Visitor: 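Sharing a structure with you now.
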Amino acid sequence: TADGGTVAWKVGVDIQLHDPHVEDQMLNLVNFDEAVSGADAIIIATDHDVFTEREPASVLDVMDGDLLIDTKALLPIDKWRSEGFSVRQI
C-alpha cells in the first residue's frame with residue numbers, strides 16, 4: 001500500500017517515514033526528529049546525507065531502543081556502535 005504503516009498497524013507496529021527529498025502526501029512523511037523520537041529501531045533505506053550528518057549520541061538520546069539497520073552501508077558502524085547502537089548492515 002502507499003501507506004507503509006497500514007500493514008504494520010494491524011500487528012501493533014507504528015512506522016514513521018522520513019525522506020528529505022520526497023514530498024508525497026500519501027506517504028505521511030515526518031521530519032527526522034519526529035521519526036526517531038521514541039523509536040525502538042531505525043531502518044535506513046536511502047543514502048541521503050541527512051543520516052551521515054547526525055551525531056549518534058543525539059539520535060540515541062531521543063530513541064526508546066538502540067537498533068539501527070543500515071541497508072545502504074552508509075554509516076560508519078564503529079562510531080555508531082561506540083555510542084551505544086546495536087547496528088546491522090545488510
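Hydrogens, waters and symmetry mates play no part in the numbers below; they use all other heavy atoms, side chains included. The first residue of the sequence shown is numbered 1, and numbering continues consecutively from there. Because the structure is a prediction, the values reported are computed rather than measured.
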Visitor: Does one hydrophobic cluster hold both Val50 and Val87, with members joined at side-chain heavy-atom distances below 4.5 Å?
Guide: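 Linked within one cluster.
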Visitor: Drop me the distance from Gln89's CD to Ile44's CD1, to the nearest 0.5 angstrom.
Guide: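 Answer rounded to 0.5 Å: 9.0 Å.
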Visitor: Any chance you could measure Ile15, atom CD1, to Leu27, atom CG, to the nearest 0.5 Å?
Guide: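 It is 12.0 Å, given to the nearest 0.5 Å.
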Visitor: Indicate yes or no: at least one non-hydrogen side-chain atom of Leu74 is less than 4.5 angstrom from one of Thr52.
Guide: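 A side-chain contact under 4.5 Å exists here.
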Visitor: Below 30° counts as parallel, above 60° as perpendicular, anything between as tilted: where do the rings of Phe51 and His18 land?
Guide: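 Perpendicular, since the angle between the ring planes exceeds 60°.
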Visitor: Do the non-hydrogen side-chain atoms of Arg54 and Asp33 ever get within less than 4.5 Å of each other?
Guide: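 Counting from C-beta outward, Arg54 and Asp33 do come under 4.5 Å.
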Visitor: Take a 6.0 Å sphere around CD of Glu23 and say whether it holds more than 12 heavy atoms from other residues, nucleotides or ligands.
Guide: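 Result for CD/Glu23: open.
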Visitor: Mind listing the closest non-hydrogen atom pair of Ala39 and Met63 along with its distance?
Guide: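 Looking at all heavy atoms of both residues, the shortest contact is O-CB, 3.5 Å.
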Visitor: Mind checking the CD-NE2 spacing from Glu53 to His48? Nearest 0.5 Å is all I need.
Guide: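 NE2 of His48 is found 12.0 Å from CD of Glu53.
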Visitor: Measure the CG-CD1 distance between Asp70 and Ile43 for me, rounded to the nearest 0.5 Å.
Guide: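 Interatomic distance, Asp70 CG to Ile43 CD1, rounded to 0.5 Å: 11.0 Å.
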Visitor: Measure the shortest side-chain to side-chain distance between Leu29 and Val22 over non-hydrogen atoms and say whether it is less than 4.5 angstrom.
Guide: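 Sidechains of Val22 and Leu29: in contact.
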Visitor: For Ser37 and Glu34, indicate whether the former's side chain and the latter's backbone hold a donor-acceptor pair under 3.5 Å.
Guide: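 Looks like no, no N/O pair under 3.5 Å.
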Visitor: Tell me the closest heavy-atom pair linking Gln16 and Ala35, and the distance in Å.
Guide: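 Nearest pair, atom of Gln16 first, then Ala35: CB-CA, 3.8 Å.
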Visitor: Can you sort out the partners of Asp66 under side chain to side chain contact (heavy atoms under 4.5 Å, CB included), two or more places apart, ordered by chain and number?
Guide: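 Scan of Asp66 (side chain to side chain contact (heavy atoms under 4.5 Å, CB included), adjacent residues dropped) gives Leu60, Ser86.
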Visitor: Between Lys72 and Asp47, what is the shortest heavy-atom contact and its length?
Guide: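 Minimum heavy-atom separation between Lys72 and Asp47: CG-N, 4.1 Å.
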Visitor: Is any side-chain heavy atom of Val36 less than 4.5 Å from a side-chain heavy atom of Ile42?
Guide: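 Side-chain contact under 4.5 Å: yes.
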Visitor: Could you check if a side-chain atom of Val59 sits within less than 4.5 angstrom of a side-chain atom of Phe85, using non-hydrogen atoms only?
Guide: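 Val59 vs Phe85: side chains touch.
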Visitor: Would you say CG of Leu67 has more than 12 non-hydrogen atoms from neighbouring residues, nucleotides or ligands within 6.0 angstrom?
Guide: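 Check passes, neighbour count above 12.
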